There are 2 protein chains.
Amino acid sequence: MAKANKTKSDQNVVAVEATQRNATLTRSRILQAAEAEFADHGFDGVSVRRIAQTADVPVALINYHFGGKEGLYRAIFEMRAPMITDQRIAGLRFAEMEPDPARKVELIVKAVLVPNLHMRSTEKSSSYARILAREVSDPKSHRRGVIQEFFDPIAHKVMEAMQKAMPDRSIEEINWGYQAMLGVMVYTMADTGRISRLSGGRCDPEDEMATATYLVAMMTAALLHGRPHSAAAQHKA
Amino acid sequence: MAKANKTKSDQNVVAVEATQRNATLTRSRILQAAEAEFADHGFDGVSVRRIAQTADVPVALINYHFGGKEGLYRAIFEMRAPMITDQRIAGLRFAEMEPDPARKVELIVKAVLVPNLHMRSTEKSSSYARILAREVSDPKSHRRGVIQEFFDPIAHKVMEAMQKAMPDRSIEEINWGYQAMLGVMVYTMADTGRISRLSGGRCDPEDEMATATYLVAMMTAALLHGRPHSAAAQHKA
DNA sequence: AAATTTCTTGTCAACTTGTTCAATTACCGT
DNA sequence: ACGGTAATTGAACAAGTTGACAAGAAATTT
């Protein structure tokens, strides 16, 4: 009877939850399928129909939930971007507390690289890493603004931290340093076998720990000791 | 009469040359249009029709000359790849003659980066730089093999030179070092405005000299001083 | 001059593309 | 329980895609 009494309110509640769960469940199933397909074939390389087929839903649902192909594309970023942004901010906070300048730079480099490298090696979100790499190196007019909207803020935060850790660096040096970090990271994330092929299997981006070790070491050295000759001379004076 | 006498042979010759010139002229006009379109929109983002329209030729000509969309795509690489490969080889030869190890490494870095950066800033071939950057970070199944076929050999040559210049480095260090160089280069080549935007206009990839200066300095430092801690310790021992 | 090869062109049918529509179902609050 | 809202569905749409063809033009060979 208690059950019966609860019927009115509780049944409604669970019903709401059930529907919403169903709605958001199909929604997330579409997102998951889209993420994988976009990562493998690029924005123009995959059709909405194919995504629908992979997600096992009718085509029309995609337009209903996301308002078109591009809306779906953006939704992926809206879902995933906070994940890595938050990790970077946490890493920067950690670096801020380090007194030794050299170690501080190394921690900043880690704050930038590690979250993404980790994401790549994680099974579930590896496709997002590739989709991100693609987008960075392929800013088509239509979706221009995705990177800017979601990742420019954190980029400025990182460069601010770099400037603080190395006060004698020029704005140009800081910026090129950041670009270098990002380039190495993106290239590694986007890799689909060449690194392993060229190295005869000795280097594997999936090996998160080893990859991070080598890349962090190199980029830290690049930032600490990679000054153009004129700037170095200026520094000596 | 001399003219008339020559008619049979010479007229034929010039006629052949004229036709061939016309043929290769339209052929190169198609290639040029395709290069630009592919660079701007990616392989899947552009239709043969659009390329034909840009080149101002009938669609069927593309199929006739290149045997399809993918053939056209590959033809671009077949035309351009030797250009940069030769430059790199020349750079490596130059580095080989440098006795000072540190300077030798710097010359190797230059041999890798400068040809591509120069190509990017050149008006006519800037689109090829972007198309190349795209292909590196987007090895789709269909055209898989383009990078491997055209650029793996020179990659091995570069790493061989690196190994010679820094004999105490492990294979892993050499490989990751090369990947880092390439990543920075590709990312810079593929850029369509973010670097300039983030730096408030202070950094511009089109400024070949400045870009090369900063990137070469950083990557040289990365190779020379960017050893993982364990390797560095091993080195000290 | 006729035959042949090379090059060029307009057009075609089969097929995808992203999106929209009207109808159907499931679920909510009252 | 019943109207109303949200979610889902299959079908249809218009626009655009591809590769191929046969026929024409130009040039070379016989």
Side-chain angles (χ1 to χ4, degrees), chain A residues 4-31 33-34 37-38 41-76 140-143, chain B residues 6-31 33-34 37-38 41-75 140 142-143:
Chain A
N5 282 343
K6 279 188 173 180
T7 309
K8 190 176 179 181
S9 60
D10 277 12
Q11 234 179 22
N12 284 350
V13 170
V14 300
V16 174
E17 281 174 354
T19 1
Q20 283 180 344
R21 191 171 47 229
N22 263 358
T24 56
L25 191 131
T26 51
R27 217 174 164 275
S28 80
R29 210 167 67 237
I30 293 174
L31 274 173
E37 292 294 329
F38 279 143
H41 309 98
F43 184 81
D44 297 292
V46 64
S47 63
V48 211
R49 287 183 140 81
R50 191 189 170 89
I51 296 175
Q53 196 177 347
T54 306
D56 199 41
V57 296
V59 267
L61 262 194
I62 289 178
N63 272 317
Y64 175 76
H65 277 297
F66 302 97
K69 192 181 183 182
E70 192 168 325
L72 173 59
Y73 188 78
R74 289 187 65 89
I76 295 175
K140 212 181 159 185
S141 57
H142 289 73
R143 44 211 146 112
Chain B
K6 280 188 174 181
T7 310
K8 191 175 178 182
S9 60
D10 277 11
Q11 232 181 21
N12 284 351
V13 169
V14 301
V16 174
E17 280 173 355
T19 359
Q20 283 180 346
R21 192 170 47 233
N22 262 356
T24 55
L25 191 130
T26 51
R27 218 174 163 276
S28 80
R29 209 165 70 240
I30 294 175
L31 274 173
E37 291 294 329
F38 280 142
H41 308 99
F43 184 80
D44 298 292
V46 64
S47 63
V48 214
R49 228 180 177 81
R50 191 188 171 90
I51 296 175
Q53 195 176 348
T54 307
D56 199 41
V57 296
V59 269
L61 261 194
I62 291 177
N63 261 332
Y64 174 76
H65 277 296
F66 302 97
K69 194 179 182 181
E70 192 169 323
L72 174 58
Y73 188 78
R74 288 186 66 89
K140 213 179 158 185
H142 288 75
R143 42 212 146 111

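Letters A, B, ... mirror the listed sequences (proteins, then strands); counts begin at 1. Please read these numbers as outputs of a predicted model, since none were measured by experiment.
- Here A/T26 reaches the OP1 or OP2 of D/dT8: one of its side-chain N or O atoms lies under 4.0 Å away.
- The nearest whole Å value for the distance from the CD atom in B/Q53 to the P atom in C/dG10 is 13 Å.
- Rounded to whole Å, atom P of D/dT8 lies 13 Å from atom CG of A/D56.
- When the P atom of C/dG18 is taken as reference, atom CG of A/L61 falls 16 Å away, rounded to whole Å.
- Side-chain proximity of B/N63 to the nucleotides C/dT17, C/dT19, D/dA20 is greatest for D/dA20.
- The aromatic rings of A/F43 and A/F38 lie parallel to each other, with less than 30° between the two planes, well short of the 60° mark.
- Proximity of A/H65 to the phosphate of D/dA6: no side-chain N or O atom is located under 4.0 Å from OP1 or OP2.
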Restricting both atoms to N or O, compile the protein contacts to nucleotides 10-15 of chain D shorter than 3.5 Å, with distance only.
{"unit_1": "D/dA12", "atom_1": "N6", "unit_2": "A/R49", "atom_2": "NH2", "d": "3.3"}

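- The separation between B/E70 atom CD and D/dT18 atom C1' is 14 Å, rounded to whole Å.
- Whole-Å rounding puts the B/F43 CZ to D/dT18 C1' distance at 12 Å.
- Checking the phosphate oxygens (OP1, OP2) of C/dT16, no side-chain nitrogen or oxygen of A/S47 falls inside 4.0 Å.
- Here the side chain of B/V48 is nearest to one of D/dG19, C/dT17, C/dT19, namely D/dG19.
- When distances run from any side-chain atom of B/K69 to the nucleotides D/dT8, C/dT8, D/dG19, the shortest one goes to D/dG19.
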**Stepwise side-chain contact (heavy atoms from CB on, under 4.5 Å) test for B/H41 and A/D44** = CA-CA 9 Å; B/H41 308 99; A/D44 297 292; 5.8 Å; no

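- Nucleotide D/dA7 holds its C1' atom 13 Å from the CZ atom of A/R29, rounded to whole Å.
- Residue-level contact check: A/G68 touches the backbone only, with heavy atoms under 4.0 Å from sugar-phosphate atoms and none from bases.
- The distance between atom CG of B/L72 and atom C1' of D/dT18, rounded to the nearest whole Å, is 14 Å.
- One can place CD1 of A/I62 at 10 Å from P of C/dT19, the figure rounded to the nearest angstrom.
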**Request:** Would you please test A/L72 and A/L31 for side-chain contact (heavy atoms from CB on, under 4.5 Å) and show each step?
**Result:** CA-CA 7 Å; A/L72 173 59; A/L31 274 173; 3.9 Å; yes

**Asked** Step by step, would you call B/R27 with B/F66 a side-chain contact (heavy atoms from CB on, under 4.5 Å)?
**Response** CA-CA 9 Å; B/R27 218 174 163 276; B/F66 302 97; 3.6 Å; yes

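- Residues A/S28 and A/L25 share a closest heavy-atom pair of OG-O, 3.0 Å.
- Listed by first and then second residue, the side-chain hydrogen bond (donor to acceptor under 3.5 Å, both in side chains) pairs that reach into residues 49-59 of chain B are B/E37-B/R50, B/E37-B/T54, sequence neighbours excluded.
- Phosphate proximity of C/dC7 to B/Y64: present, with a side-chain N or O under 4.0 Å from OP1 or OP2.
- Applying the side-chain contact (heavy atoms from CB on, under 4.5 Å) test to B/V48 and every residue at least two apart in sequence or in another chain returns B/I62, B/K69.
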